[in-house]
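Note on naming: letters A, B, ... go to the chains in the order of the sequence lines (proteins, then strands), and numbering restarts at 1 for each one.
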Amino acid sequence: MKVFITKEILDPYKEIMAYEREALPPGKHGGVVSFVGTMRDFNDGQDVRAMNLDYYPGMTEHHIERVCQEAMKGWDIMDCMVVHRVGEMVPTDPIVLVAVWSAHRKDSFDACRYIINYLKESAPFWKCEVTTQGQKHWVEKNSEDPGVAKRVALKSA
Amino acid sequence: MDIKVRYFASLRDRMGRSEDQVKVSKDKPTVADVWSAVSKDPIPPTILVAVNMEYTNASQELKAGDEVAFFPPVTGG
């Protein structure tokens with residue numbers, strides 16, 4: 001399992017192949033399912049030219065590691081990796097990579113969906129967009145259900 | 001009792017700082033007490049709370065050395 005946050009430009013496919021060579025026993029997995037989130041040049045009806053992604057060092061990694069561990073327990077998968085960009089980025093830049101290896105495809109599809117959904121709903125990241133007019137604003141709502149982090153809060157309280 | 005308080009994203013901008021070190025004199029202070037020490041306003045309804053990097057809510061009791069974080073809904077991925 002590998003989780004890391006980076007300010008560097010992310011090449012998700014290089015990361016997948018590098019990790020696969022380094023950590024997966026050859027010939028044992030039947031496939032890798034990946035999700036790559038990329039930065040759009042529009043959001044909520046506005047044209048966006050740049051973005052700064054903020055995070056909570058320590059808590060962010062901790063929560064992603066936990067969801068990866070849950071996925072490893074919940075599905076018959078061999079390994080998983082999450083890489084998330086932070087800092088300054090521009091449209092078309094990859095923001096996030098989730099990759100899951102398994103012997104059979106169903107488990108890796110399901111586990112990959114679980115990890116990216118949890119990450120979007122609960123991992124502490126915040127987007128600050130810069131529009132083509134140069135205005136900066138914090139994105140206040142994810143495209144996913146915005147209530148989940150609250151439900152997490154109530155559950156753990 | 002010393003508590004470290006951190007703010008992120010739009011809340012950090014609104015507070016004008018990224019953290020505070022708060023001394024709370026109450027016997028069993030809660031997250032809500034810490035918020036009262038750093039702001040005159042009530043906790044905004046959308047704001048999330050974490051104590052020692054775990055999500056929680058305003059009624060959680062705190063101990064010396066805890067790190068409390070307040071932040072808006074998350075928007076990663």
Side-chain angles (χ1 to χ4, degrees), chain A residues 5 35-39 43-44 51-66 82 84-86 94-98 115-129 136-157, chain B residues 2-22 26 28-36 38-39 41-77:
Chain A
I5 307 293
F35 173 83
V36 177
T38 52
M39 188 188 155
N43 191 28
D44 243 354
M51 183 167 81
N52 191 303
L53 200 54
D54 191 13
Y55 76 119
Y56 184 170
M59 179 169 176
T60 304
E61 294 92 330
H62 168 63
H63 279 258
I64 299 174
E65 279 161 13
R66 182 187 290 165
V82 175
H84 209 297
R85 243 335 255 289
V86 291
I95 302 173
V96 59
L97 161 68
V98 178
I115 293 170
I116 187 63
N117 284 351
Y118 174 90
L119 190 152
K120 282 190 82 83
E121 292 159 358
S122 300
F125 290 103
W126 302 275
K127 290 172 179 161
C128 184
E129 293 176 338
K136 275 187 184 178
H137 63 265
W138 289 99
V139 177
E140 293 293 343
K141 202 173 77 167
N142 220 332
S143 51
E144 302 297 314
D145 174 3
V148 172
K150 273 191 189 161
R151 289 205 291 278
V152 171
L154 290 172
K155 215 169 85 182
S156 61
Chain B
D2 286 327
I3 304 285
K4 185 179 181 181
V5 190
R6 303 183 70 179
Y7 316 105
F8 290 91
S10 57
L11 183 66
R12 179 182 55 220
D13 291 353
R14 201 187 311 170
M15 299 298 280
R17 56 198 187 273
S18 60
E19 59 180 73
D20 280 314
Q21 197 69 38
V22 175
K26 234 173 139 179
K28 288 180 176 175
T30 63
V31 167
D33 295 324
V34 165
W35 178 264
S36 306
V38 297
S39 174
D41 302 322
I43 302 180
T46 56
I47 289 298
L48 300 172
V49 181
V51 172
N52 300 331
M53 302 187 180
E54 295 290 350
Y55 284 105
T56 185
N57 60 31
S59 61
Q60 179 167 332
E61 281 183 15
L62 301 169
K63 54 185 189 319
D66 278 350
E67 178 172 297
V68 179
F70 297 100
F71 47 80
V74 302
T75 54

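- Between the side chain of B:Y55 and the backbone N or O of A:S122 there is at least one donor-acceptor pair closer than 3.5 Å.
- Under the 4.5 Å side-chain criterion, counting only non-hydrogen atoms from C-beta, B:V74 is in contact with A:W126.
- No part of B:N52 comes within reach of chain A, as not one of its non-hydrogen atoms sits under 4.5 angstrom from that chain.
- Minimum interatomic distance between A:P57 and B:F8 (heavy atoms only, all atoms of both residues): CD-CE2, 4.4 Å.
- Only the backbone of A:Y55 comes within less than 4.5 Å of a heavy atom in chain B; its side chain stays farther off.
- In plain terms, the two heavy atoms of B:T75 and A:K127 that are nearest each other are OG1-N, 2.8 Å.
- The closest donor-acceptor contact from the side chain of A:H62 to the backbone of B:E54 lies at 3.5 Å or more, if one exists at all.
- With a threshold of 4.5 angstrom between heavy atoms, A:R85 does not approach chain B through any atom at all.
- Contact of the A:E140 side chain with the B:T46 side chain is not registered, since no non-hydrogen atoms from C-beta on lie closer than 4.5 Å.
- Atom CZ of B:F71 and atom CE of A:M59 lie 4.0 Å apart (nearest 0.5 Å).
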